[in-house]
Each structure stands twice: as C-alpha cells, then as structure tokens.
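Both counts, for ligands and for their atoms, begin at 1 and track the order of listing. Just so it is clear, the values below take in all heavy atoms, side chains as well, and ignore hydrogens, waters and symmetry mates.
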Amino acid sequence: MRLDVLTIFPEYLDPLRHALLGKAIEEGRLEVGVHDLRAWATDGHKSVDSAPAGGGPGMVMKPQVWGPALDDVASGAASAPALESALPHLDRARHDELAGVAERRYAGREEDTGLPLLLVPTPAGRPFTQEDARAWSREEHIVFACGRYEGIDQRVLADASRRYRVREVSIGDYVLIGGEVAVLVIAEAVVRLIPGVLGNRRSHEEDSFSDGLLEGPCYTKPRVWRDLEIPEVLLSGNHARVDRWRREQSLLRTLEVRPELLDGAELSEADLAFLAERGWPGA
Ligand code: 6GU
C-alpha cells in the first residue's frame, strides 16, 4: 500500500514512522509520502488560504493550490522523500506476532476502478468505521488531503473526483483544528489490517466492533494482585465456559456503554436470553 499525505504541517505526521507503521514501512508493506502543501503555493507569501466567498469568519483553502497538488500526487509526480521507519527492528519479533500464522488473502475489491482513494478528513464527513478500515486495507494507493481553517474550496473535491474516488470522513462528533490527527487515526486503523502487518490474525477477528460488540475485560498473571483476583472461570481450563463468559462480558459491556450497537449485532438465542435477564428491551 502507498499512503500520501498533503498537509501544511508535515512534521505533524511524523508518528507514522513509529511502532507498527514504521515496521510495515521497513518490511516493504507500506510506503508513505508526506508532502508540504506550500510547495504548490504560487505567490511570494506561499499563501494557501483566502477569505470565504459570501463573507463570514475564518479562511478557506485555495483551489489553485490544492488542484495541482492533487494532480501531482495522483500521478506520482510529487516527490516527497519516502518516510523512513523510526526504529530498525526487523530482526526482533513483536509480542503480537505468531509464528506460522498465514497472511490473510483478500478475495477481491468492492470497487476496483484503478483510481486512487482520496480521503478528506472533515467533521462534516461520513463517520469513519471499522468496516471502512477493513475495506481500505485492500487499497493500493490512498491520498489524504488535510484541510485547516474552515475547509477546502468544495470545487477541489468535485474536480478531484475525475482522478480519485473521493470520500469526506469524520472521526467523531467533535471539532479538531485540522485533519492531521484524523489521518494518524485512520492510517493506523487501516494499516494494522494490511495482510501480515499485525501478524496475529485472530487478534483482529476478536477486535471490538469486528462482530458488532465491544470487547470485554482481559487479565494476565499473577492470579491475585493487590487483593484482586482473576475471575475464576478464566483459570478453569474449560474452554467452552471461558468462551461463554467472554461473550457475556462483551454483551454486558456493550449494553452498559453502547447499547445502540446491540441493535446491529448478530445475537444467538443464548445471547438474547442473557440480555433479556439484564433488562435489554430489544430481547
Ligand atoms: Cl476528520 N477533521 C477535523 N478537522 N475535525 C474533525 C474530524 C476530522 N473528525 C472529527 N472532527
């Protein structure tokens, strides 16, 4: 996969070189180019924004800057140095790697038009979900356009849709100053699902949201820590009991903190009976 990011704060994207993403870069599963948008500014002040048409507060990012920038990045003409991984650790196994776990192969793409995907982070976008992360982990080329100020002139996106599949996405119901942090969030969610990056495929099959529920609590040794014990069932050696308990913890946590998720989850008869006992009105 190749990721390109257009931003007026390139150093803000430095965390992409660390940890899991840095390792994916080292292993050649991921290439990242971070481009300073000001390289496409044409005036002496390198300005990238101007006053909004129709008046009002704030500034809007200029189409004359974004247009050529997106043209160059789509065609591969933009030459940002590829990010290098922050830490060489090819020789060390990670805690989340399992020897002998086969790489995941994907059956095919939903909309393989050959056009790169342009993601535009904005609080006015569609909510980014785990399902998007799964779909986008199969992309060959994703470009992120980071807006600052009030946003990017909308014609930039209309025009870009001739060379890209364009998606405006939000990472939550709150407002950030710019899209850079959203890019870090989306990139991490997507890259960890690229075949071979996480190593242990079970660990994303069991992720929160993968089955529409939140994950329950987890424990490790020692059995007793500061007077607090690991739930007895986890030490029972009875896998069926452990699985059922984990499922119930997952149902309970979801009922407590995100009850609306239960409406879309696949629930068995046993799940429904358990939830009915806890007063879930949908059961
Ligand atoms: Cl993706 N961008 C910005 N600027 N603010 C946000 C956001 C994105 N998602 C939530 N708030």
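- In terms of heavy atoms, F144 sits closest to A187 at CZ-N, 4.4 Å.
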Report all side-chain donor-acceptor pairs from residues 44-69 shorter than 3.5 Å, counting only partners two or more places apart or in another chain.
residue	atom	partner	partner atom	Å
S47	OG	D43	OD2	3.0
S47	OG	K62	NZ	3.2

Would you tabulate the side-chain donor-acceptor contacts of residues 170-183 under 3.5 Å, counting partners in other chains and residues two or more places apart, or write 'none'?
residue	atom	partner	partner atom	Å
S170	OG	G172	N	3.1
S170	OG	G172	O	3.0
Y174	OH	I171	O	2.9
E180	OE1	R148	NE	2.9
E180	OE1	R148	NH2	2.8
E180	OE2	T7	OG1	2.6

Give every pair formed by an N or O atom of ligand 1 and a protein N or O atom closer than 3.5 Å, one pair per line with both atom names and the distance to 0.1 Å, or write none.
residue	atom	partner	partner atom	Å
ligand 1	4 (N)	G178	O	3.4
ligand 1	5 (N)	L176	N	3.2
ligand 1	9 (N)	S170	OG	3.4
ligand 1	9 (N)	I171	N	3.0
ligand 1	11 (N)	Y174	O	2.5

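- Between the side chain of S137 and the main chain of V190, no donor-acceptor pair closer than 3.5 Å is present.
- Here the side chains of L251 and L262 are in contact, with some heavy-atom distance below 4.5 Å.
- Applying the salt bridge (Lys or Arg N to Asp or Glu O under 4.0 Å) criterion to R278, with sequence neighbours excluded, gives no partner residue.
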